[in-house]
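Atoms within a ligand are numbered from 1 in the order they appear, just like the ligands themselves. Just so it is clear, the values below take in all heavy atoms, side chains as well, and ignore hydrogens, waters and symmetry mates.
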Amino acid sequence: MKYVSTRGQAAPVDFVEACLTGLAPDGGLYVPEAWPQITPADPNESYVQVATRILKAFAGDSLTEADIAGLCERAYASFSHHSVAPVMQSGPNAYVMELHHGPTLAFKDVAMQFIGQLYDLVLSRRGERMSVVCATSGDTGGAAAAAFAGAEHVDLYILHPHERVSPVQRLFMTTTGASNVYNLAIDGDFDDCQAIVKTMFADSVFASEVQLSGVNSINWARIAAQSVYYATTQAAIGPDRPIRFVVPSGNMGDAFAGYVAARCGLLAGFELVCAVNENKTLATLLADGEMKREQAVPTPSPAMDISVPSNFERLFFEVAGRDGDTVRRTYDQYQQSGSATLPEQVRGPLGCTGLSAVMIDNQGTLQEMQTFLDETGALICPHTAVGSSAVRGLPETEATTVVLSTAHAAKFPETVKEATGLDAPLPLRSESLIERGEVFERVSNDLGAVKDYVRSNMVAEA
Ligand SMILES: *Cc1c(COP(=O)(O)O)cnc(C)c1O
């Protein structure tokens, strides 16, 4: 199984290489050269068994089945729920898929725990060490910290905007106590952090000097690992039941994983609704084919405050008939002018992918948190609420509705309080967070300062 770039100019690589590299050298994203056809999950299979089968299909010959089984076993042992991604009934023919049972209470753990194990295995075999750098507005940093803490072959650098992430989110990043996890609190906003990381990757000399690697949502391993819970949910709901998945979306990695599951034959009937907040570029893209650079605005669902969703590029590549030139030209134009229109010939196919998008505004999000509480007695996080609210406006369907719950309510206690007046206590297993000491370093919003920081750690360890 080879992976090709969505911009058509990078050499094909295997699964392991695609996952260690992240972004392809031509600036594109890796996708499998063809969609493997995989036997759907059986209700009697465990999550680890299904994950092993699916990830083996994506890994091809780059890893053995025994390797992958070991990775999955270790990755998912860190989840507090035996089913990893259990589905709970929330109404007649309506369910919530709970993706927040991982160590940092957000769905990013599902992929990141696998990635942590994958890097450790591959790098220890190669006798190499890598510097993983990630910019975070909250959840990715914590998930990466939990996945890489104590890893022998990885140094993790997390850049978060100083005093702009929620206290609980910050605690998950800064309290690992691990000597290979470095938290940099940047005097700037999330876009500044992301710009620094992007520039570091574009500097090939620096990138090879420190063996730079990235695990943000363009990394193929994240998509591959996330396709698993769509398959296990199909098995749990009933192997032949058509499902309408409603996915709170930001960079669209989660939603694209659902599309992948469908393409690989893992789903019975497929409809996928991306629920977005007031940062609604994705909705505009799917409806009008317009892509426009805009400043992301802060909302109650910060993990979805994204202007242009990075994983849209993979969908674009598919509907463009896998023509990398078309994708590259459109993104070049976007890069230069800050806006681009999708070519006419992809608009038709885009309407036939089974994907659509719905926008929920800030007030609707807060209201939904209260309404869901009234109907079920359960608290949901603001991201999940965007999905749950989107369901209410959709046309009637015979399909079973499944909303993806992307984080635990306790990760956003301030918003829960505002919406419902209630406290959202941390689950028992996370309570000790509050007592652990935080370690982070304030660094100025300056590329040179961050590079020096990374270099000096390399030297200290050598
Ligand atoms: C990252 C995140 C999302 C958005 O996921 P994408 O894959 O970027 O679309 C939604 N909810 C929560 C809680 C998240 O952490």
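No N or O atom of Cys381 sits closer than 3.5 Å to an N or O atom of ligand 1. Between Ala106 and ligand 1, a contact under 3.5 Å exists for no N or O pair.
Against a heavy-atom cut-off of under 4.0 Å, Gly253 is close to the following atoms of ligand 1: 6 (P), 7 (O), 9 (O). The ligand atoms of ligand 1 that sit less than 4.0 angstrom from a heavy atom of Thr406 are 10 (C), 11 (N), 12 (C), 13 (C). Near Ala407, meaning under 4.0 Å from one of its heavy atoms, ligand 1 places the atoms 13 (C). Listed by number with element, the atoms of ligand 1 under 4.0 angstrom from any heavy atom of Ser249 are 9 (O). Against a heavy-atom cut-off of under 4.0 Å, Asp254 is close to the following atoms of ligand 1: 7 (O).
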Quick one: do Asn93 and Thr400 satisfy side chain to side chain donor-acceptor pair (under 3.5 Å)? Show the steps, please. CA-CA 5 Å; Asn93 208 16; Thr400 301; 2.7 Å; yes

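Residue, atom and distance of the protein heavy atom nearest to atom 8 (O) of ligand 1 are Asn251 N, 2.7 Å. Annotation: atom 4 (C) of ligand 1 to nearest protein heavy atom, Gly250 N, 3.6 Å.
Looking at heavy atoms from C-beta onward, Gln295 lies in side-chain contact with Asp191 at the 4.5 angstrom threshold. Phe190 places none of its side-chain heavy atoms less than 4.5 Å from the side chain of Asp305. Between Thr415 and Leu366 the shortest side-chain heavy-atom distance falls below 4.5 Å.
Of the heavy atoms in Asp139, only side-chain atoms (C-beta onward) come closer than 4.0 Å to ligand 1. Contacts of Met304 with ligand 1, taken as heavy-atom pairs under 4.0 Å, involve the side chain alone.
Assignment of Phe107 to the shell around ligand 1 is supported, since a heavy atom sits closer than 4.0 Å. Distances shorter than 4.0 angstrom do not occur between any heavy atom of Ser217 and any atom of ligand 1.
Comparing His383, His408, Lys108 against atom 14 (C) of ligand 1, the shortest heavy-atom distance belongs to Lys108.
For the pair Phe148 and Gly116, the tightest heavy-atom approach, listed with the atom from each and the gap, is CE2-CA, 3.8 Å. Nearest heavy-atom pair, Gly28 versus Ser5, reported as atom, atom and distance to 0.1 Å: CA-OG, 3.5 Å.
The backbone N or O of Ala268 sits less than 3.5 Å from a side-chain atom of Gln234, completing a donor-acceptor pair.
Remark: of the listed residues Tyr230, Tyr95, Phe256, Tyr230 is the sole one forming a ring pair (Phe, Tyr, Trp, His ring centres under 6.0 Å) with Phe245. Test Trp220, Tyr30, Phe58 against Tyr3 for ring pair (Phe, Tyr, Trp, His ring centres under 6.0 Å) and you get one pass: Trp220.
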